[in-house]
Amino acid sequence: QVQLVESGGGSVQAGGSLRLSCVASGYTSSVNCLGWFRQAPGKEREGVATLYTGLSMTKYADSVKGRFTISQDNAKNTMYLQMDSLKPEDTAMYYCAAGRVTWWGLCADDSWRGNYWGQGTQVTVSS
């Protein structure tokens, strides 16, 4: 089992930045695909970014490319989502997820949803 706890959400004006953190505990060596998802009110949960840890390969949703960066700090068992140039449409509950895949392509697939989830952290961007 892997437990995930997010932090770092908050309220910010458009154009601002936030960095979300997700601390993992438990059997963390069992996962090799990390990701961030978000869900706005009345909308489906959508993938934001994924990171295949074995090759440090990343994938981003088109809506956040060039603005968001996913990363990890192995020593701290923590993954991050650096969010810059935030827009009001980025407002959502953000969730981190982790899981194990057999190859990079599955981590980058739009259908990947992970095996473990955090409880979410709210991000609100005002115009």
Go through Val31 and Leu34 one step at a time and tell me if the side chain to side chain contact (heavy atoms under 4.5 Å, CB included) criterion holds. CA-CA 8 Å; Val31 300; Leu34 309 175; 4.3 Å; yes

State whether Tyr95 and Arg45 meet the cation-pi test: NZ (Lys) or CZ (Arg) under 6.0 Å from the six-membered ring centroid, and within 45° of the perpendicular axis. yes

Salt bridge (Lys or Arg N to Asp or Glu O under 4.0 Å) partners of residues 46-62, not counting sequence neighbours, each pair once: Arg38-Glu46, Lys59-Asp110, Asp62-Lys65

Any link between Leu55 and Trp103 through a network of hydrophobic side chains (Ile, Leu, Val, Met, Phe, Trp, Tyr) touching at under 4.5 Å? yes

Give the minimum heavy-atom separation between Asp90 and Ser85, together with the two atoms involved. OD2-O, 4.5 Å

Determine whether Ile70 and Trp36 make a side-chain contact, defined as any pair of heavy atoms from C-beta on separated by less than 4.5 Å. yes

Hphob cluster co-occupancy, Met83 + Val12, side-chain heavy atoms under 4.5 angstrom: yes

Can you check whether Gln119's main-chain N or O pairs, donor with acceptor, with Glu6's side chain at less than 3.5 Å? yes

Could you tell me if the side chain of Thr53 sits less than 4.5 Å from the side chain of Cys33, heavy atoms only? no

When you look at Met79 and Cys96, which way does the side chain to side chain contact (heavy atoms under 4.5 Å, CB included) test go after all the steps? CA-CA 8 Å; Met79 75 167 105; Cys96 62; 3.9 Å; yes

Spacing of CD belonging to Gln1 relative to CG belonging to Asn115, to within rounding of 0.5 Å: 9.5 Å

Indicate the atoms forming the closest heavy-atom contact of Val2 with Ser30, along with that distance. CG2-OG, 3.8 Å

Should Val48 and Val125 be counted in the same cluster of Ile, Leu, Val, Met, Phe, Trp and Tyr side chains packed under 4.5 Å apart? yes

Keeping Thr91 on the side-chain end and Thr124 on the backbone end, is there a donor-acceptor pair under 3.5 Å? no

Distance, nearest 0.5 Å, that separates CZ of Arg113 from OG of Ser111: 7.0 Å

How far apart are the closest heavy atoms of Ala14 and Pro88, and which atoms are they? CB-CD, 4.1 Å

Kindly determine whether Tyr52 and Val101 satisfy side chain to side chain contact (heavy atoms under 4.5 Å, CB included), including the steps that lead there. CA-CA 9 Å; Tyr52 183 63; Val101 296; 3.7 Å; yes

Between Asn74 and Gln72, is any pair of side-chain heavy atoms under 4.5 Å apart? yes

Are side-chain heavy atoms of Tyr94 and Gln39 found at a separation under 4.5 Å? no

Point-to-point distance, once rounded to the nearest 0.5 Å, from OG of Ser11 to CD of Gln122: 8.0 Å

Thr121 side chain to Gly9 main-chain N or O, any donor-acceptor pair under 3.5 Å? yes

Val23-Leu51 co-clustered via ILVMFWY side chain contacts under 4.5 Å: no

OG on Ser127 to CD on Glu89, rounded to 0.5 Å: 10.0 Å

Donor-acceptor contact below 3.5 Å, side chain Thr69 vs main chain Gln82: no

Under the side chain to side chain contact (heavy atoms under 4.5 Å, CB included) rule, what do Leu81 and Phe68 come out as? Steps first, then yes or no, please. CA-CA 7 Å; Leu81 185 68; Phe68 290 12; 4.1 Å; yes

Validation row: Thr50, Trp112 side chains within 4.5 angstrom (heavy atoms): yes

Is there a donor-acceptor pair closer than 3.5 Å between any side-chain N or O of Thr28 and the backbone N or O of Ser25? no

Are Leu86 and Tyr60 grouped together when hydrophobic residues (ILVMFWY) are joined by side-chain heavy atoms under 4.5 angstrom apart? yes

Indicate whether the side chain of Thr78 and that of Asp73 have a donor and an acceptor atom separated by less than 3.5 Å. no

